[in-house]
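Per chain, numbering begins at 1; letters A, B, ... match sequence-line order.
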Amino acid sequence: MPQPAKVVVEHVTKTFRRNDEELIVLDDLSLVVEPSEFVCVLGPSGCGKSTLLNMIGGFEVPSRGSLTIDGHPVRGPDPRRVFVFQEYGIFPWATVVDNIGLGLLRRPTAERERIVAHYVDLVGLKGFERSFPSELSGGMKQRVALARALAVAPDLVLMDEPLGALDSLTRLQMRAELLRIWKAERMTVMFVTHDVDESVQLADRVVVLSPRPSRIVDVVEVALPHPRDIGSPEYNRVKNRLYERLGVRHEI
Amino acid sequence: MGFLAFEPLALSALALLAIPLTRRAPERLQRIVLPIATAVVLLVAWHAFAVATRYELRMPGEAPRTVDVFPTPIQVLPAFVELLGDGRLVRYAIASLYRVLTGFALAAALGIPLGLAAGWFTRVSFAADPFIQALRPISPLAWIPISILAFGVEDGAAIFIIFLGAFFPIVTGTMTAVRSIPVAYVRAARNFGLDGLTLFRVVVFPAALPQIVTSLRIALGVGWLVVVAAEMNAINSGLGFLIVDARNMGMRYDLVVAGMLCIGLIGVLLDWMIRRLERLDEVRWGFSKV
Ligand SMILES: Nc1ncnc2c1ncn2[C@@H]1O[C@H](COP(=O)(O)OP(=O)(O)OP(=O)(O)O)[C@@H](O)[C@H]1O
Ligand SMILES: [Mg+2]
C-alpha cells in the first residue's frame, strides 16, 4: 500500500490587499510532498516563499485553493508541524534548556528534562544548558531553535531560511548537522532558501518559484546520495539547471 | 573682604582646569574628578549669586545692616545639622517614602495587569484605552482638591495622588511593551501549543518585562516628584511640608534649600535602587545590544 502524501498543496492562490489593489503573491500553486522527504523551496526575494510556508504552518490562510497535511485541512498552528524561524525564533529571556523545553511544558518534569538533555546532546550544546541566547554564537542559537523544534518529535519541520544569518563556514557545518539529524529522525522537511548551493546540498527535490505573481517553474530531483560530492558532474548539472530556471547565469 | 570675594572665583578657575588636565587621564579618574569639578563650579556660582543679591538695609534710627536674600552653600550646612539633630529630616523622609512606595506599589499592582490585558486583548483596549488616554494628561496635582475631599488631610490623600502619577506611565508602558512583542515570539509559542495563561506566563510577560521595568522606573520618578507637591498642599508632614513650613514659619530659606537637597539625594537613591532591577537575568537581554 503506498503511503499517503504528507503535504498536499492544491491550486493555492494567495493575495494581499495593498492600497486598495490586490497583490497576487502566489498564483495557483500545486505541490505534493511525500513523508520523510526533504524539499527545498527556492525563489527570488519577495516571491512568496515565506508566505507559502506560513500557510502550511497554519499562520496564514490561502485566498483560494486547499491545503492538507496527512489528509486533513490545515486549521492553524499545531505542534506536530513546527516552524524554525530565521530570526527571533528563540526567546532571549530563557536559558537554552528552557527554550528547548518550550513545547514540552505539559509533560512531567522528569520526562521533559530527559528529552531536553537528549536534544541538547544531539545538537552539540552540552555545557551551555544554562546559557542565555545573548551568550551564544549565531550558529549555536540556530541549533537551539532546531533542538526546540525537534524536541516535540514533529513529523513536519518548516524552515524559513534558518541558516541565512550565519557565516558561510557555520552554514556548511549546520547543513551537515541538519542532514545527520534528518537521517536519524526521518521527519519531513520543507526548507526555504534563496541559496542555490544550499538547496542542491540538502534537498531530495528542489521546487523553483518564479518572481511574483509566483508559480512553480520547475521541480528538480537531486538523485545524489549523501554525503554529496559538490564537484561531481551531476551536482553541477542540477546546479546549472536551477540557475537557468531562476533566470540567472552563474558564470561571472 | 576683597580676598574672600576673590577666593571662590579662584576655586572655580581651578576646577575648570580639571577639564584640560584630565584629558589623558584614565577614565576611572575622570569619572571622579570631573563631577567634583562641576560641583565646585555650581557651588561657586550659587555662592556668588547669593552674595550678589545681598543688600544694605537702612532704617531711620538704626545702624545699616546687610540682609541675606538667598542662603549661601555654607549657610545651608548648619541647616542640615539642625534638621538631623531634631529628627525632623529622618521622620519626614520616612513619611514621604512611605507614601511614595505605597502609592507606587498600588499603581504597579493595578497598572501591570491592566496594561498586559489592554496590550494583548483588543477588546480590553477598546474598552479602556480612551479613558486611560483622557485621564493621563490630567496632572496628578489637579486631583489634590478631590483627593482631600475623599481622604482628608491624611496619608491617604497623598498616596492616592502618587498612585495616579505612577499608574498612567505603568499602564501605558506595559501596554506598549506588549504591543511591540515581535510576532515571531507569539507565533513560535502558538506553534508549540501554548495558549491562555501559559502563553502569558511563558511568553507575553517575559517578553514585555524589560519595557515594564523601564516604565516602573519612570513611574517611581514621577511618584517622587509628585509626593513633594502633594505634601506642600495637602499634608502636614513629609519633605514637601518641611519646605513650605520652613518658609511660612520664619522665612528659613536655609532649611528650604537643605530640604530640597535631601529630596534630590533620595530621588537619586530611589532611581539607583530600581535600576538594579535592570541587571536581573530576566530582563538584562532587553537592555543590552545583542
Ligand atoms: N501580511 C502581508 N500583508 C501584505 N503583503 C504581504 C504580507 N506578507 C507578505 N506580503 C507581500 O508578499 C510578498 C511575498 O512575501 P514573502 O515574505 O512571502 O517573500 P519571500 O519569498 O519570503 O521573500 P524573502 O526571500 O525576501 O524572504 C512580498 O511582496 C510582501 O510584500
Ligand atoms: Mg521570506
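Residue contact with chain B, scored on non-hydrogen atoms closer than 4.5 Å, involves the backbone and the side chain of A/Leu102 alike. Proximity to chain B (any heavy atom under 4.5 Å) is restricted, for A/Phe132, to the side chain, taken from C-beta onward. Within the 4.5 angstrom heavy-atom criterion, no atom of B/Val283 approaches chain A. The contact between A/Val152 and chain B is made entirely by side chain atoms (from C-beta outward), counting heavy-atom distances below 4.5 Å. Contact of A/Asp98 with chain B is not made at all, since no heavy-atom distance falls under 4.5 Å. Of the atoms belonging to A/Arg81, it is backbone heavy atoms, and not side-chain ones, that fall under 4.5 Å from chain B.
Atom CZ of A/Arg17 has more than 12 neighbouring heavy atoms from other residues, nucleotides or ligands inside a 6.0 Å radius. Within 6.0 Å of OH in B/Tyr98 there are 12 or fewer heavy atoms belonging to other residues, nucleotides or ligands. The neighbour count for B/Phe151 CZ, taken as heavy atoms of other residues, nucleotides or ligands under 6.0 Å away, is above 12. Under a cut-off of 6.0 angstrom, the local environment of CE in B/Met260 is sparse, with at most 12 non-hydrogen atoms contributed by other residues, nucleotides or ligands. Environment of CD in A/Glu111: crowded, with over 12 heavy atoms of neighbouring residues, nucleotides or ligands closer than 6.0 Å. Counted within 6.0 Å of CZ on B/Arg179, heavy atoms from surrounding residues, nucleotides or ligands total more than 12; the atom is thus considered enclosed. Other residues, nucleotides and ligands contribute over 12 non-hydrogen atoms within 6.0 Å of the CG atom of B/Leu29. Within a 6.0 Å sphere centred on CZ of B/Arg31, heavy atoms belonging to other residues, nucleotides or ligands number 12 at most.
Under a 3.5 Å cut-off, the side chain of B/Asn191 and the backbone N or O of A/Asp78 do form a donor-acceptor pair.
Taking chain A as the reference chain and counting heavy-atom pairs below 4.5 Å, the highest number among B/Leu209, B/Val183, B/Thr198, B/Leu194 is found for B/Leu194.
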Before giving the answer on side-chain contact (heavy atoms from CB on, under 4.5 Å), spell out for B/Val203 and A/Trp93 the whole-Å C-alpha distance, their side-chain angles and the decisive distance to 0.1 Å. CA-CA 9 Å; B/Val203 181; A/Trp93 57 84; 4.2 Å; yes
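Taking the six-membered ring where tryptophan is involved, the planes of B/Tyr185 and A/Phe91 are perpendicular, since the angle between them exceeds 60° and thus also 30°.
For the residue pair A/Phe85 and B/Arg187, the shortest heavy atom distance occurs at CZ-CB, 3.8 Å. In plain terms, the two heavy atoms of A/Gly89 and B/Ala188 that are nearest each other are O-CB, 4.1 Å.
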